[in-house]
A.B. asks: 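Please find one structure pasted underneath; my questions will follow.
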Amino acid sequence: MIYFDNSATTLPDEDILATYHEIVTGCFGNPSSLHRLGGKAALKLEQARGVCADSLGVKPEEIIFTSSGSESNNTIIKGLVTGKDLHGKHIITTSVEHASVYETCKQLENIGYSITYLPTDGKGCVHVEDVIREIRKDTILVTVMHVNSELGSIQPIADIGRLLSAYPTIHFHVDAVQSFGKLPLSPKEWGVDSLSISAHKFHGLRGAGLLYIRSGTSFSPLVNGGGQEHGYRAGTENVPCIVAMSKAMHKQHLQQKDNYSYLSNLKQYLLDGLIEIPGCILNGPQKQSKVGAPHIINFSLPGFKSEELLLALESEDIYVSKSSACSSKNNKPSRVLLSTGISEIIANSAIRVSFSTYNTIEEVDTFLLTLQMIVAKSMIKYPMKQ
C-alpha cells in the first residue's frame, strides 16, 4: 500500500500508540475526581499541557485541550463573538479557509455578522495589503490559516501579525492544523492571539486537538458544563489521546527541520516527474518553496475526473485525495481551487498528494509509473480524450 493522503490523517507512530495504551490502561481515572486515580490522571494531563506549551513557545495556562482542529476553530471564533466587550460585528477571513472556519463564518453571516472573504492570487496566497485595507472600526477578528490543506499555500502570518499589532482590539486567529511539524511556528513572535492544532495530522491519534489562546483573551466557552479546561471547554478530558498528542508534538517539534528537508526532497522529486506526464497541470505554489508547504502537491489531468483517477489509483493500492477530507465527498469542484482562479474543468480533475516522513522515493516512483500507465491506457482507449 502507498498512502499519500497525510493531510487528511496520518499513521500514528508506534511509540505514540504505546503511550496511549499505557495511559488508557494504567491511568484511566477521571482527572476531575478527588481520589488518587483521578489525581494521577490530572497530573498526566498537566504534564502534557506543559509539553504542548513548550513545543509552541507559550505558557501552559494558554493551552486548552479540545477534540480536534475543527472544534478549536469553532471554539475561538464563536467564543469571541459571544464574549464580552465587543466593539463590532465585522470579521475578516479568506476565501480558502478550511470548512471549520469558512462555514462558521457563513453561519455568523446568517445571523447578522459582516464577513469579508479576502481573495487570493493564483498561488492561493493572501496579500497583507488586502488584510489592512479591509480593516474597519467594527472589525473584531482576523482569521487566516497558516497552510492551505488543498494547495499547500503558506500565508504570510508573521507579516499580518506585525501589521495587526497596530490594532490591539482585533483578535488574530490562525488555523495551523496543516503546518505543525512541517514548518516553524512562533505564535508569540508572530503576534498571533490564538492558534489551532490537531493531533492526527502529525502521527498522533484522532480525538485530540488544542487551542492556544493568549493570556488575557476574553471569550465564552463553546461547551458549558463541569468547568474543565479553566472553564473554557467542559467535558471529561481525553487524557490518553492528549498525553499521546503531547508526545507527538514534542517529537515533531524536535524533528521539524529534518522533516522539512525530507518532505521537500520528496515533493521536488514528484514535481519533476509530474511535468513529464502529458497534459499534467500543477496547481498553486508548487514550484515556489517560500509560499508552498513541503508536503502538499496539487495537480490536474484535464480529461480525467478526480474521482476517476482516485479509483484507478486505489485499484493499484495507492491512496490520494481530491481536496480536504471534510469536503472530499462533495461532487462539486473545490471551492478553494475555484477561488484562486483555477477553471472548473481543471478543478474537476484535481488530485492532492500529501506526504509524511513515512513515505519514500521508491513510493513516488511507483506512483508516477502508475499514473503514466493510467494516462497511457486512457489515450489508447479514448484517443481524443487528452
Side-chain angles (χ1 to χ4, degrees), residues 6-28 31 40-69 71-72 146-147 157 174-190 192 194-215 228-230 233 237-264 293-295 354-359:
N6 291 280
S7 286
T9 197
T10 54
L11 177 70
D13 287 342
E14 288 187 7
D15 56 337
I16 305 305
L17 286 170
T19 296
Y20 172 82
H21 186 263
E22 174 189 342
I23 301 299
V24 81
T25 56
C27 191
F28 57 85
K40 182 180 179 182
L43 178 61
K44 291 290 186 182
L45 186 69
E46 295 313 307
Q47 288 173 340
R49 198 184 309 276
V51 171
C52 293
D54 287 344
S55 297
L56 290 174
V58 302
K59 303 173 185 176
E61 59 268 28
E62 295 176 315
I63 297 293
I64 294 173
F65 292 122
T66 66
S67 65
S68 64
E71 184 191 337
S72 295
H146 188 201
V147 170
I157 298 301
V174 173
D175 175 348
V177 167
Q178 290 293 339
S179 55
F180 183 80
K182 291 93 174 174
L183 294 168
L185 277 180
S186 301
K188 291 283 191 183
E189 181 182 338
W190 295 349
V192 173
S194 59
L195 181 140
S196 301
I197 286 178
S198 187
H200 72 105
K201 305 296 187 179
F202 48 88
H203 306 291
L205 295 159
R206 284 182 285 256
L210 65 77
L211 178 63
Y212 153 71
I213 302 180
R214 178 180 51 79
S215 295
Q228 292 91 344
E229 296 304 298
H230 316 304
R233 199 270 189 179
E237 294 94 341
N238 187 348
V239 178
C241 279
I242 288 170
V243 173
M245 176 176 68
S246 72
K247 183 168 184 175
M249 281 189 72
H250 178 67
K251 183 176 181 179
Q252 294 300 316
H253 176 64
L254 292 178
Q255 295 176 349
Q256 185 268 309
K257 290 183 179 179
D258 290 338
N259 289 347
Y260 181 88
S261 178
Y262 184 83
L263 294 169
S264 295
H295 61 299
S354 47
F355 293 131
S356 81
T357 51
Y358 281 112
N359 295 127

A.B. asks: Only one of R214, K188, H230 passes side-chain hydrogen bond (donor to acceptor under 3.5 Å, both in side chains) with E62; say which it is.
C.D. replies: K188
A.B. asks: Exactly one of L183, I197, V147 should register a side chain to side chain contact (heavy atoms under 4.5 Å, CB included) with Q178. Which one does?
C.D. replies: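 Answer after filtering L183, I197, V147: V147.
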A.B. asks: Do you know which two heavy atoms are closest between A41 and V239, and how far apart they sit?
C.D. replies: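 That would be O-CG1, 4.1 Å.
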A.B. asks: Can you see whether Y358 engages D13 through a side-chain donor-acceptor pair at a distance of less than 3.5 angstrom?
C.D. replies: yes
A.B. asks: Is the shortest distance from a Lys or Arg side-chain nitrogen in R49 or E229 to a carboxylate oxygen in the other one below 4.0 Å?
C.D. replies: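 Counted as a salt bridge, because a side-chain N and a carboxylate O are separated by less than 4.0 Å.
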A.B. asks: Measure the OG1-CE distance between T19 and M245 for me, rounded to the nearest 0.5 Å.
C.D. replies: 13.0 Å
A.B. asks: Could you grab the distance from atom CD of Q252 to atom CZ of F180, nearest 0.5 Å is fine?
C.D. replies: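 Here the interatomic distance stands at 7.0 Å.
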A.B. asks: Hey, what do you get for CE (M249) to SG (C52), rounding to the nearest 0.5 Å?
C.D. replies: 4.5 Å
A.B. asks: Examine the side chains of H200 and T9 and answer whether a donor and an acceptor come within less than 3.5 Å of each other.
C.D. replies: yes
A.B. asks: Could you report the tightest heavy-atom contact between H203 and L11, atom names first, then the distance?
C.D. replies: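 Closest approach of H203 to L11, heavy atoms only: ND1-O, 2.7 Å.
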A.B. asks: Would I63 and V58 count as a side chain to side chain contact (heavy atoms under 4.5 Å, CB included) here? Give the steps.
C.D. replies: CA-CA 8 Å; I63 297 293; V58 302; 3.9 Å; yes
A.B. asks: Check Y212 against L56 and note the closest heavy-atom contact, atom names and distance.
C.D. replies: CB-CD1, 4.4 Å
A.B. asks: How long is the straight-line distance from OG of S354 back to CG of N359, given to the nearest 0.5 Å?
C.D. replies: 8.5 Å
A.B. asks: So, for S196 and L211, which heavy atoms are closest and what is the spacing to 0.1 Å?
C.D. replies: OG-CD1, 3.8 Å
A.B. asks: Look at the side chain of N238 and the backbone N and O of A208, then say whether any donor-acceptor pair between them is shorter than 3.5 Å.
C.D. replies: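 No, N238 side chain to A208 backbone: no donor-acceptor pair under 3.5 Å.
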A.B. asks: Is atom NZ of K251 surrounded by more than 12 heavy atoms (other residues, nucleotides or ligands) closer than 6.0 Å?
C.D. replies: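 Yes, the 6.0 Å shell around NZ holds more than 12 heavy atoms from other groups.
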A.B. asks: What closest approach, in Å, do I242 and A48 show between heavy atoms, and which atom pair accounts for it?
C.D. replies: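 Taking every non-hydrogen atom into account, CG2-CB, 4.0 Å.
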A.B. asks: Looking at P294 and Y260, what are the two nearest heavy atoms and their distance?
C.D. replies: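 So the minimum-distance heavy-atom pair works out to CG-CD1, 3.6 Å.
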A.B. asks: Show your working on side chain to side chain contact (heavy atoms under 4.5 Å, CB included) between K182 and Q256 and close with a plain yes or no.
C.D. replies: CA-CA 6 Å; K182 291 93 174 174; Q256 185 268 309; 6.0 Å; no
A.B. asks: Test your reading of the model: is there a side-chain donor-acceptor pair from S186 to the backbone of E189, 3.5 Å cut-off?
C.D. replies: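 No; zero donor-acceptor contacts below 3.5 Å.
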A.B. asks: Would you sort out whether S7 and K201 count as a side chain to side chain contact (heavy atoms under 4.5 Å, CB included), showing the intermediate values?
C.D. replies: CA-CA 6 Å; S7 286; K201 305 296 187 179; 5.8 Å; no
A.B. asks: So do the side chains of S215 and K59 get within less than 4.5 Å of each other, counting heavy atoms only?
C.D. replies: yes
A.B. asks: Look up atom CZ in R206 and atom OG in S67, then write down how far apart they are to the nearest 0.5 Å.
C.D. replies: 13.0 Å
A.B. asks: For S72 and T66, which I'm curious about, is there any donor-acceptor pair between the side chains at under 3.5 Å?
C.D. replies: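 Distance-only check passes for S72 and T66.
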A.B. asks: Are any non-hydrogen side-chain atoms of C27 and K40 less than 4.5 angstrom apart?
C.D. replies: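 Yes, close enough: below the 4.5 Å cut-off.
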A.B. asks: For S179 and H146, does a side-chain donor sit closer than 3.5 Å to a side-chain acceptor?
C.D. replies: yes
A.B. asks: Where do W190 and L185 land on the side chain to side chain contact (heavy atoms under 4.5 Å, CB included) test, with the steps shown first?
C.D. replies: CA-CA 9 Å; W190 295 349; L185 277 180; 3.8 Å; yes
A.B. asks: So how far is it from L205 CG to L17 CG, rounded to the nearest 0.5 Å?
C.D. replies: 5.5 Å
